[in-house]
There are 2 protein chains.
Amino acid sequence: MDAIFKALADPTRRKLLDRLFRKQGQTLTELIDGLDMRRQSATKHLAVLEEAQLVTCQWHGREKLHYLNPVPIAEINRRWLDKFSGDRAAAILNLRDALQENDNE
Amino acid sequence: MDAIFKALADPTRRKLLDRLFRKQGQTLTELIDGLDMRRQSATKHLAVLEEAQLVTCQWHGREKLHYLNPVPIAEINRRWLDKFSGDRAAAILNLRDALQENDNE
DNA sequence: TTGACATGCAGCTAAATTGCTGCATAATGA
DNA sequence: TCATTATGCAGCAATTTAGCTGCATGTCAA
């Protein structure tokens with residue numbers, strides 16, 4: 001549990017998750033393409049995400065393919081959102097979207 | 001956004017959220033009752049949670065009452081869970097619950 | 001008014017974290 | 001075989017963070 005939140009605490013790791021969310025099964029070099037960061041840094045970040053089981057990996061020859069695992073994310077909701085407050089929060093977010101106030105990050 | 005994840009990264013802050021989830025509207029001294037921590041530390045933690053808007057406060061005389069705000073939590077799901085993977089993850093978690101494997105934290 | 005209580009604010013130290021450089025390993029393809 | 005490519009591992013400097021102590025502020029109640 002602690003590993004999940006620690007992993008999500010860093011903006012670079014969240015950006016890597018965003019990239020995996022858009023396209024699964026990317027290699028390390030593919031993931032950092034266009035990012036202002038050395039390969040070795042990303043390796044450390046991906047190791048953190050992997051340990052938290054937010055990212056699952058699969059070797060193909062010398063290539064390591066990365067996949068986003070949705071389960072840990074789903075666990076977060078269940079901890080602090082009961083059905084009623086969860087529905088209310090979702091409604092608020094839908095309203096916010098409708099008002100175009102989607103200024104993320 | 002960054003503030004939310006940074007706030008959730010610390011186990012002490014998550015414990016404070018757990019306590020607020022169980023009982024809303026607690027004061028500072030009520031919140032730290034039974035915890036092995038000085039009052040001043042908890043003040044800093046609550047300030048972090050407050051800045052991330054995970055906790056909302058309300059003054060009543062000299063007492064500061066704390067409330068859990070579910071909206072930022074709901075935002076996390078929307079970022080990395082599309083409808084299909086979210087449903088699948090929820091199903092996995094329900095299955096896990098049914099198998100009694102709820103060893104949190 | 002005055003003592004007790006709830007809380008805030010400043011500053012210190014120890015520990016953790018980030019991103020880097022440098023080098024090693026292993027697989028692919030000409 | 002051998003150069004190239006994909007990745008891992010070790011270690012370093014700078015920054016951030018957690019929890020503490022000490023003191024200040026403001027409210028309540030006798």
Side-chain angles (χ1 to χ4, degrees), chain A residues 1-20 22-69 72 105, chain B residues 1-20 22-69 72 105:
Chain A
M1 254 295 167
D2 188 60
I4 298 173
F5 292 103
K6 282 275 175 62
L8 290 175
D10 186 80
T12 303
R13 286 195 284 268
R14 293 198 297 275
K15 179 169 284 183
L16 289 173
L17 285 183
D18 287 337
R19 291 196 146 210
L20 279 183
R22 284 203 308 114
K23 181 183 176 191
Q24 299 259 16
Q26 297 185 69
T27 68
L28 170 60
T29 34
E30 190 176 0
L31 270 171
I32 62 165
D33 182 55
L35 294 184
D36 185 24
M37 170 174 43
R38 293 283 154 252
R39 177 183 55 79
Q40 289 89 336
S41 302
T43 300
K44 281 191 182 178
H45 283 304
L46 288 170
V48 174
L49 291 169
E50 204 175 336
E51 196 188 359
Q53 300 192 315
L54 284 159
V55 165
T56 303
C57 297
Q58 196 176 346
W59 279 95
H60 267 61
R62 63 174 172 176
E63 288 187 337
K64 188 180 189 182
L65 306 184
H66 299 79
Y67 297 89
L68 177 60
N69 177 20
E105 202 80 8
Chain B
M1 255 295 168
D2 188 60
I4 298 174
F5 292 103
K6 281 276 174 63
L8 290 175
D10 185 80
T12 303
R13 285 194 283 269
R14 292 198 298 274
K15 179 169 285 186
L16 290 173
L17 286 183
D18 287 338
R19 292 196 146 211
L20 279 183
R22 284 202 308 116
K23 181 184 175 190
Q24 300 258 16
Q26 296 185 71
T27 68
L28 171 60
T29 35
E30 192 177 358
L31 271 171
I32 63 166
D33 183 56
L35 293 183
D36 185 25
M37 170 175 41
R38 294 281 154 252
R39 177 183 54 81
Q40 288 88 338
S41 302
T43 301
K44 280 192 184 177
H45 283 303
L46 287 170
V48 174
L49 291 169
E50 204 175 337
E51 196 188 359
Q53 299 191 317
L54 284 159
V55 165
T56 304
C57 296
Q58 195 175 345
W59 280 95
H60 268 61
R62 63 176 169 178
E63 288 188 337
K64 189 180 188 181
L65 307 183
H66 299 78
Y67 298 88
L68 177 61
N69 178 20
E105 203 80 6

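Excluded from the calculations below are hydrogen atoms, water molecules and symmetry mates; all remaining heavy atoms, backbone and side chain alike, are included. Residue numbers start from 1 in every chain, and the chains themselves are labelled A, B, ... in the order their sequence lines are given, proteins ahead of strands.
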Angle between the two end axes of the helix from C:dT1-D:dA30 to C:dA30-D:dT1, five base pairs per end, rounded to 10 degrees?
30°
Are B:Leu46 and B:Leu31 packed together at the side-chain level, in the sense that at least one heavy-atom pair is separated by less than 4.5 angstrom?
yes
Provide, to the nearest angstrom, the distance between the CG atom belonging to B:Leu65 and the C1' atom belonging to C:dA6.
11 Å
Let me know the distance between CZ of A:Phe5 and P of D:dA18, rounded to the nearest Å.
15 Å
Between C:dG8 atom P and B:Glu51 atom CD, what is the distance in whole Å?
15 Å
Separation of atom CG in A:Asp2 from atom P in D:dA18, rounded to whole Å:
12 Å
Can you check the A:Lys64 NZ to C:dT25 C1' distance for me, whole Å?
14 Å
Between B:Leu17 and B:Val55, is there a side-chain heavy-atom distance shorter than 4.5 Å?
yes
All pairs passing side-chain hydrogen bond (donor to acceptor under 3.5 Å, both in side chains) where residues 38-54 of chain B contributes a residue, at least two apart
B:Arg13-B:His45, B:Glu50-B:Lys64
Starting from the C-alpha separation in whole Å, work towards a yes-or-no answer on side-chain contact (heavy atoms from CB on, under 4.5 Å) for B:Thr12 and B:Leu35.
CA-CA 9 Å; B:Thr12 303; B:Leu35 293 183; 5.8 Å; no
Nearest-Å distance for atom pair CD/P, residues A:Glu50 and D:dG8:
8 Å
Restricting to side chain to side chain contact (heavy atoms under 4.5 Å, CB included), what partner residues turn up for A:Ala42, sequence neighbours left out?
A:Leu28, A:Ile32, A:Met37
Smallest heavy-atom separation, A:Ala9 atom then B:Asp2 atom, equals O-OD1, 3.9 Å
Measure the CG-CG distance between A:Leu8 and A:Leu49 for me, rounded to the nearest 0.5 Å.
7.5 Å
Taking only N and O in the side chain of A:Thr43, is any of them less than 4.0 Å away from OP1 or OP2 of D:dT7?
no
Return the set of residues passing side chain to side chain donor-acceptor pair (under 3.5 Å) with A:Thr29 (not counting sequence neighbours), or none when no residue passes.
A:Thr27
Nearest atoms (heavy-atom pairs only) where B:Pro72 meets B:Leu54:
CB-CD2, 3.7 Å
Base, backbone or nothing for each nucleotide of nucleotides 20-30 of chain D, written B, S, -, heavy atoms under 4.0 angstrom, 5' to 3'?
BBBB---BS--
Can you measure from CG (A:Asp10) to NZ (B:Lys6) and round to the nearest 0.5 angstrom?
7.0 Å
Below the 4.0 Å mark, does D:dG19 have OP1 or OP2 next to a side-chain nitrogen or oxygen of B:His45?
yes
Considering only heavy atoms, which members of residues 24-33 of chain A lie under 4.0 Å from some atom of DNA chain D?
A:Thr27, A:Leu28, A:Thr29
Send over the distance from A:Lys6 NZ to D:dT17 C1', rounded to a whole Å.
10 Å
In this structure, how many angstroms lie between the C1' atom of D:dG8 and the CG atom of A:Leu46, rounded?
12 Å
For A:Glu30, what residues pass the side chain to side chain donor-acceptor pair (under 3.5 Å) criterion, not counting sequence neighbours?
A:Lys23
